[in-house]
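Beneath this line is the structure, given in structure tokens, with notes to follow.
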Amino acid sequence: MSAFSQNLSKENISTGRGDLLQSAHSHAPIYVPECSSPQATIKSFNELAKAVGDVFKGGDYYGDVDWTQEQQLIALYGKMDYLMNTDSLAEDDRYAQINIIISQLVEILDRIETPEIESIPSAHELPEGVEYWQLPRTEISLEQLQEGPRKGDWVFSKHTMHQMDDLYARVETLPYRTDAIVGDINVDGGLLDNYIAFTGPLIPVDFTKKIPRVLRVKLFGDPIWKYLATLITLMFLGAIYWLVRFLTRFRQDKYDSPNHIGMQFRRLTLPLFMMLLLPLTINLITVDIRLRILPLAITDDILWLAFYFTAFWLSVCVANVISAIIIASPKISPFGLDASLVRLSCRLVAYLVGVWILVEGMQRLGLSLVPLIAGVSVGGLAFALAARPTLGNILGGVLIFADRPFKVGERVVINKHDGVVEEIGLRSTRIRTLDGHLLTVPNEEVSSSYVENIGQRPHVKRLLNVTLTYDTSPEKIKEAMDIIKQLLSEDEDGGKTAEDLGRPSNRHVNSGDFPPRVYFNDLNADSLNIMVIYWFTPADYFDYLAHATWFNLELIGRFNAAGIDFAFPTQTIELKQNESGPSTQPNTSDA
């Protein structure tokens, strides 16, 4: 603390309560109370407490203070806060707790015997190295700050802060001392009661004056009317939540794709709106209604937890919007694995951000993370065991993404299941079989199976065996081969397009490094075999069938016109006659 501030504080304390109160406003924010020793700290605390009592005594009614008086109270409590070690108080709850603790301490000191100010050690009377001093015959203590910009200042200790509720409960029924600092402000209550009763700037004094006495009765330390006002505020918050939800959730959303950008932006509205509304609600309850003590601590913690969970929710909604915008790119199939991995990546980042927000928020609320971490560890183990199949399928999906054995729209054969891939998800792959059935195959099974990707073949290969009868002459065999070669040549098209021909042209079977092949390759038991091989490119299966249909019809017609007979399995039975008579055992042969 600077010498200027020390001199200013000493001057204010020595001039009395009126000047102290005036200085607290006229020199704010540079004015700070003297706290260079236990004696100076307690003297400053007593003087500020007296000034607070005078402000409450100037009110028209119990707990009713006007705007000017409220500003005086805020400034005075702020100076008394300077005399407290609040490092151990939760940051988000500090404003709600510290003024209650100060008011309780004033009430305690007004009810117990305290030593004369002159007998309390001053800065010159403290032994070297003393960092802790306890009020005689009490559990109230002061400690010297050992680090930071206020090193050397004496403040009420962290232990005293934590013990305040218990200490106040022990002396609450004791009478005030005759020389009390503040004493009995009025018949309705002392300093703590008045602090609990007064309201903030949005609730005018004229309104609080009209509150019936029956609603001013205290329940768990707070007037009943403050519970009602808090309940109405929370109901109003809930009504706004459902209204915004109704306006932003359309009936068709459940049928829309998760990649619908407009839908994701609408879903972003509700958490964003609640992120703005929750702090306003907390401020209304804390600053204006001024719910106090345990009810405020519970309500305040619940609302702040709701705020941090809403922040988690908002981060996930933002991730959904980002993933929807990315997936809207024409380069990404909305039903492919790429889209699923984009959504997963965005959500993983959102979950990490959300968990960080929750951890930071719980620390700000003073909640211990040790039980939470222990619970997460045990729960995580149980979850991992229960979710092993699901995790295996997700890992399988990642492997599919890494290997890319197929894409959406391609025809594949997986474990004898033949069909077209309709969707590749993180857990499973959906295949529309050739029978029209929708088959869902777990990704773990897909990644560990043989996958035949028919959709990625460059061409459709056809192997055709044209069989002729054994009485076909070599000249006719050669003619048959020439007919087949002519049917597969580009000359057969006559330079016409597929539209003019009414069929796929022969350019599809004469492209690339695989021209048609025709060979007289085998003498079967019942036929002469001409092997025909050609490759239809590109591998459009239905165009291939249309071309094969035309080829088959033309082949039959031209063979018939040329007098070339197709062979089919036949059996000839010959009966031989012995010298003694006809044989009864036939000699059979295939022809």
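Treat the numbers as computed from the prediction; the structure is a model and nothing was measured. Scope of the values below: all heavy atoms of this structure, side chains included, with no hydrogens, waters or symmetry mates.
- Among residues two or more places apart in sequence or in another chain, the side chain to side chain donor-acceptor pair (under 3.5 Å) test is passed with Q456 by E410.
- The ring-ring contact (aromatic ring centres under 6.0 Å, His included) check on F566 picks up F559, with sequence neighbours excluded.
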What donor-acceptor contacts under 3.5 angstrom involve side-chain atoms of residues 480-489, with partners at least two apart or in another chain?
unit_1	atom_1	unit_2	atom_2	d
Q486	NE2	E492	OE1	3.0
S489	OG	Q486	O	2.8

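- Smallest separation of non-hydrogen atoms from P405 and N453: O-ND2, 2.6 Å.
- Expressed to the nearest 0.5 Å, how far CD1 of I564 lies from CD1 of I556 amounts to 13.0 Å.
- Scanning for side chain to side chain donor-acceptor pair (under 3.5 Å) contacts around R411 gives D418, with sequence neighbours left out.
- Panel note: side chain N524, backbone D526; no donor-acceptor pair is recorded below 3.5 Å.
- At least one side-chain heavy atom of L278 sits under 4.5 Å from a side-chain heavy atom of L237.
- P271 pairs by the side chain to side chain contact (heavy atoms under 4.5 Å, CB included) definition with T310, W313, L314, C317, not counting sequence neighbours.
- Counting heavy atoms from C-beta outward, I431 and V420 have side chains that stay 4.5 Å or more apart.
- Atoms CZ and CG, from F536 and L545 in turn, are 9.0 Å apart once rounded to the nearest 0.5 Å.
- To the nearest 0.5 Å, atom CG of residue L268 and atom CG of residue N320 are 9.5 Å apart.
- Annotation for F520: atom CZ counts as buried by contact number, over 12 foreign heavy atoms lying within 6.0 Å.
- Of the possible polar contacts, none joining the S428 side chain to the T440 backbone as a donor-acceptor pair under 3.5 Å is found.
- Shortest non-hydrogen contact noted between W535 and P515 is CZ3-O, 3.3 Å.
- Atom CZ in R517 sits 10.0 Å away from atom CE in M531 (nearest 0.5 Å).
- The pair K476-E479 meets the salt-bridge criterion, since a charged nitrogen lies less than 4.0 angstrom from a carboxylate oxygen.
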- [ ] Please step through salt bridge (Lys or Arg N to Asp or Glu O under 4.0 Å) for the pair E422 and R432, ending with a clear verdict.
- [x] CA-CA 6 Å; E422 285 198 352; R432 182 72 64 177; 2.8 Å; yes

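- Each side-chain hydrogen bond (donor to acceptor under 3.5 Å, both in side chains) pair with one or both residues in residues 537-551, not counting sequence neighbours, appears once here: N506-H547.
- The two residues P279 and F307 have their closest heavy-atom pair at CG-CE1, 3.6 Å.
- Partners of N283 according to the side chain to side chain donor-acceptor pair (under 3.5 Å) rule, which considers only residues two or more places apart in sequence or in another chain, do not exist here.
- Using a 4.5 Å cut-off on side-chain heavy atoms (C-beta onward), Y241 and L277 make no contact.
- Counting heavy atoms from C-beta outward, V355 and F312 have side chains that approach closer than 4.5 Å.
- With a 4.5 Å cut-off on side-chain heavy atoms, V446 and F406 count as touching.
- Pairing each heavy atom of A311 with each of I357, the nearest pair is CB-CG2, 3.8 Å.
- Y470 places no side-chain N or O within 3.5 Å of a backbone atom of A525 that could act as its donor or acceptor partner.
- Proximity of T497 to S505: side-chain heavy atoms (C-beta onward) are nowhere separated by under 4.5 Å.
- Shown here are the salt bridge (Lys or Arg N to Asp or Glu O under 4.0 Å) partners of D493, two or more places apart in sequence or in another chain: R503.
- Nearest approach of A567 to S527, heavy atoms of both residues: CB-CB, 3.5 Å.
- In terms of the salt bridge (Lys or Arg N to Asp or Glu O under 4.0 Å) criterion, D565 has no residue partners (sequence neighbours excluded).
- For the residue pair T230/T233, the side-chain donor-acceptor check at 3.5 Å is not satisfied.
- V466 is not listed as a side-chain neighbour of V518, based on a closest heavy-atom distance of 4.5 Å or more.
- I530 and I477 get closest at one heavy-atom pair: CD1-O, 4.2 Å.
- Listed by chain and number, the residues in a salt bridge (Lys or Arg N to Asp or Glu O under 4.0 Å) with E490 amount to none (sequence neighbours excluded).
- Here CD1 of I533 is found 11.0 Å from CZ of F514. Values are rounded to the nearest 0.5 Å.
- When the side chain to side chain donor-acceptor pair (under 3.5 Å) test is applied to D87, no partner is found at least two apart in sequence or on another chain.
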TODO: Go through the steps to decide whether T469 and T472 satisfy the test side-chain contact (heavy atoms from CB on, under 4.5 Å), and finish with yes or no.
DONE: CA-CA 6 Å; T469 61; T472 305; 3.2 Å; yes

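- Expressed to the nearest 0.5 Å, how far OG1 of T286 lies from CG of D300 amounts to 4.5 Å.
- Identified under the salt bridge (charged side-chain N to carboxylate O under 4.0 Å, His left out) test for residues 447-473, with sequence neighbours left out: none.
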